[in-house]
Amino acid sequence: MSTPGRDERPFIGGVVEGFYGRPWTMEQRTELFKREHQWGLNTYLYAPKDDYKHRMYWRELYSPEEAEQLVALISAAEKNRVEFIYAISPGLDITFSNPGEVAALKRKLDQVKAFGCRSFSLLFDDIETEMCPADKQAFSSFAHAQVAVTNEVYQHLRDAKTFLFCPTDYCAAFCNPNVPQSSYLQTVGEKLLPGIDILWTGPKVVSNKISVESIEEVTAVLKRPPVIWDNIHANDYDPQRLFLGPYKDRPTELIPKLRGVLTNPNCEFYLNFVAIHTLATWCRSSATGGGSDVEMGYSPQGALTLALSDWLQELMSADQPGGACRSARLRKAPQPDEEPMQTDAAESLYVPGPGENPLYTAEPLTLDDLNLLSDLFYLPYEHGATARTMLEELDWLRTHREAAAAQTEEWRGRAGKFDSMCDAVVQMFNRLSNAPNRSVLYDLYNYICDIKSGVGLARAYVKTLGGQDQPSAQTLTDDPEPWGFRGGLSGEFQRMLPGHGNRDLFKRPPMTAVYCVRPYCSGDKAEVQKIFKEMQRREEQSPKLISDCLSSGDVAPSPQCALVVEDDIGVCGYALGLTDAKQAAATEQRPGSDTLLKDYPSLVVVQVLPRVTDPSPARRMVAQLLSSIRSSGSRGVFCELRQSDRRMLDFYSKLGSFEHVPVDGSLAQDAVVMATKFQ
């Protein structure tokens, strides 16, 4: 891989294993070398942050067992024509002015050189910038200290094929006051020996875009074109994120202006197929064209489609020993001296009988599934097209939830569209879960399970708004199941901080609704009746309850015993009470109600629309209502609930004051009585 008009050294294109977390296995790295060779990449930078002899215990030499593994790894890279660059990161605790420290660094790299390695890198990223007193006496600046040691090590190695240096200020955001005026970068550019190449991540640690102008700017200061250490697909900073979008927003005009590009991708090895594949396509591209083997331009979507098509073949292939995967595998045929495995045909094939369950048949994974997967886990600064559409539709359905009650054609249509998109996510999950390549699935599983859960909650919410499902008990409780919310201490810290959510890729107004609880007035009667009818409509079978006369307006609530709750749309709930429910029970002709009314003479009814997902307004109304009824001298209060109204049953159960009361003969069929006594 070379670029006309540049020096004779080949353009560096490949992968840096430079993330925090569990390093890749030796088998995975060997598989990576094969992929790089197949796709036209030529470099691997060994820099796993949590390999303790790379960073924390950098002075320690490798044991014989470790040495054997590294020798095999370097040999595997060479076999696949991949340049193996060994990186060491001594910056956590090195004393630059101590000759013994420099000698330890040389000794460690000499050992790796003896393994067959010919390319090296010194990394001084992500470290404290304050020098120790001894170094302050020996060097005029931190940059001078780093440059002095780096130059000495470079000269000691003499014939290093490639030597990379990672500065502490490795992106424009770290430069003070800016890139052209950074005294640190100026020192590095002027003092670092010309044979040493410099790593750079772009405008930021994780750069959204890298422009030609920004590279020309830093090149002028460093006095050499940088090697981009690209974190666009890195996910070690957030365990809930995964990036399966294409390499993009780096124009191919950069290629002749760079020394190279190394992608630092997702921590999960098998999920980096797209990241590395699309980088390889980008590296083969040229804005101006070239020979017949050089592609004209670069299309991120075209590169993504090509990568996903190849990845589909791998996903549909079974694992080989050691976890490695191939795009097209065949079962091993028995050798002439091998006996084929004998099986009993009668035992190996099960055929269901009449009336028995049919055999489960997994649907094959499709390219559409992988396109959807990529859209859902796209890039750090951008959702894929399908993910954006889903967010837009959910936001519109939520914002126009008043149209759900009226069942407007537009709302129904958009709700149906959203439901279909949610179903596609579920079907993708099912097909991925049954894909033959289990190594990829196991790396993917936590991510796709999480998105399936989130989509399921959103889907249920929209169906509830549209009256297709009964309101879930999860939507009106402060004690939901753990899968009904995103937990974790880190998440709770973030939600307590100002501005939480303002970095969401999909911009929308704050989700927190403001509710107003106020006394009921005569003008609210129609709204209460509307809510009552709406909730009745959702019940497949609606037994007549004593409280229905209150909700319907046939019986007026007792003085000081009626409240409503409003949101930004209008009245969305009510709480009504009768201090003496005897007349209402007689009107409904309930036999045996006298026994109930003796202990619980008062009646309450509470109802809120499904769009009210916060239980606090209903709790406030109940507290105020019970206080008023108690002040009237009542001994206790009861409510009747339909057994199908799981949301309100759950709400009353978790109030802590209401209990189930078994009363024979006084109940409507399929109704439940809950009650509380005043002390």
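Starting from 1, each residue takes its place in the sequence as its number.
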Is [X] reaching over with its side chain to a backbone N or O of [Y], donor-acceptor style, under 3.5 angstrom?
{"X": "D450", "Y": "N446", "result": "no"}
{"X": "Q181", "Y": "N178", "result": "no"}
{"X": "D236", "Y": "C267", "result": "no"}
{"X": "R81", "Y": "N42", "result": "no"}
{"X": "S89", "Y": "H54", "result": "no"}
{"X": "Y154", "Y": "L192", "result": "no"}
{"X": "S309", "Y": "T305", "result": "yes"}
{"X": "R388", "Y": "D375", "result": "no"}
{"X": "D51", "Y": "A47", "result": "no"}

Heavy-atom side-chain contact between [X] and [Y] under 4.5 Å:
{"X": "T386", "Y": "T389", "value": "no"}
{"X": "E152", "Y": "K106", "value": "yes"}
{"X": "W229", "Y": "Y170", "value": "no"}
{"X": "V227", "Y": "W200", "value": "no"}
{"X": "L441", "Y": "R438", "value": "yes"}
{"X": "V455", "Y": "F429", "value": "no"}

[atom1]/[X] to [atom2]/[Y] distance, rounded to the nearest 0.5 angstrom?
{"X": "F273", "Y": "L315", "atom1": "CZ", "atom2": "CG", "value": "8.5 Å"}
{"X": "S374", "Y": "L379", "atom1": "OG", "atom2": "CG", "value": "7.5 Å"}
{"X": "D249", "Y": "S211", "atom1": "CG", "atom2": "OG", "value": "11.0 Å"}
{"X": "D125", "Y": "L199", "atom1": "CG", "atom2": "CG", "value": "8.5 Å"}
{"X": "I198", "Y": "K223", "atom1": "CD1", "atom2": "NZ", "value": "10.5 Å"}
{"X": "M316", "Y": "Q313", "atom1": "CE", "atom2": "CD", "value": "11.0 Å"}

Q: Tell me, with the steps shown, if R35 and D310 meet side-chain contact (heavy atoms from CB on, under 4.5 Å).
A: CA-CA 12 Å; R35 292 182 178 184; D310 287 350; over 6 Å; no
Check [X] against [Y] and note the closest heavy-atom contact, atom names and distance.
{"X": "P203", "Y": "I210", "result": "CD-CG1, 4.1 Å"}
{"X": "N235", "Y": "R241", "result": "ND2-O, 3.0 Å"}
{"X": "L123", "Y": "C166", "result": "CD2-CB, 3.5 Å"}
{"X": "F19", "Y": "N264", "result": "N-OD1, 3.3 Å"}
{"X": "P180", "Y": "E217", "result": "CG-OE2, 3.4 Å"}
{"X": "K257", "Y": "T219", "result": "O-OG1, 4.4 Å"}

**Q.** Stepwise side-chain contact (heavy atoms from CB on, under 4.5 Å) check, N231 with Y237
**A.** CA-CA 11 Å; N231 290 316; Y237 52 85; over 6 Å; no
Within a reach of under 6.0 Å around [atom1] of [X], are more than 12 heavy atoms found that belong to other residues, nucleotides or ligands?
{"X": "E60", "atom1": "CD", "result": "yes"}
{"X": "E68", "atom1": "CD", "result": "no"}
{"X": "E101", "atom1": "CD", "result": "yes"}
{"X": "M26", "atom1": "CE", "result": "yes"}
{"X": "Y57", "atom1": "OH", "result": "no"}

Quick check on the 6.0 Å ring-centre criterion: do [X] and [Y] meet it?
{"X": "Y270", "Y": "W311", "answer": "no"}
{"X": "Y46", "Y": "W24", "answer": "no"}
{"X": "F120", "Y": "F163", "answer": "no"}

Q: Give me the one residue out of R22, R29, K49 that meets salt bridge (charged side-chain N to carboxylate O under 4.0 Å, His left out) with E17.
A: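 Testing each of R22, R29, K49 against E17, the sole residue satisfying salt bridge (charged side-chain N to carboxylate O under 4.0 Å, His left out) is R29.
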Q: Any chance you could lay out the salt bridge (Lys or Arg N to Asp or Glu O under 4.0 Å) test for E83 and R118, step after step, and finish with the verdict?
A: CA-CA 8 Å; E83 182 178 1; R118 292 294 176 264; over 6 Å; no
Q: Please name the residue in the list Y184, F142, F174, F96 that meets the ring-ring contact (aromatic ring centres under 6.0 Å, His included) test with F124.
A: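 The residue from Y184, F142, F174, F96 that satisfies ring-ring contact (aromatic ring centres under 6.0 Å, His included) with F124 turns out to be F96.
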**Q.** Working for side-chain contact (heavy atoms from CB on, under 4.5 Å), residues C422 and V426
**A.** CA-CA 7 Å; C422 291; V426 174; 5.8 Å; no
Q. Salt bridge or not for D368 and R431, using N-O below 4.0 Å?
A. no
Q. Ion pair present between R250 and D230, side-chain N to carboxylate O less than 4.0 angstrom?
A.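 Salt bridge flag = yes for D230 with R250.
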Q) Restricting to pairs with a member in residues 185-198, which pass side chain to side chain donor-acceptor pair (under 3.5 Å), not counting sequence neighbours? A)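 Qualifying pairs: R9-D197, D197-R259.
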**Q.** Contacts of type salt bridge (charged side-chain N to carboxylate O under 4.0 Å, His left out), residue K452, not counting sequence neighbours
**A.**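 Partners of K452 by the salt bridge (charged side-chain N to carboxylate O under 4.0 Å, His left out) criterion come out as none, since no residue qualifies.
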(Q) Given L365, which partner from the list N437, N434, L432 fulfils the side-chain contact (heavy atoms from CB on, under 4.5 Å) test? (A) L432
Q. For L109 and H156, what are the C-alpha separation, side-chain angles and deciding distance, and is it a side-chain contact (heavy atoms from CB on, under 4.5 Å)?
A. CA-CA 10 Å; L109 295 180; H156 170 78; over 6 Å; no
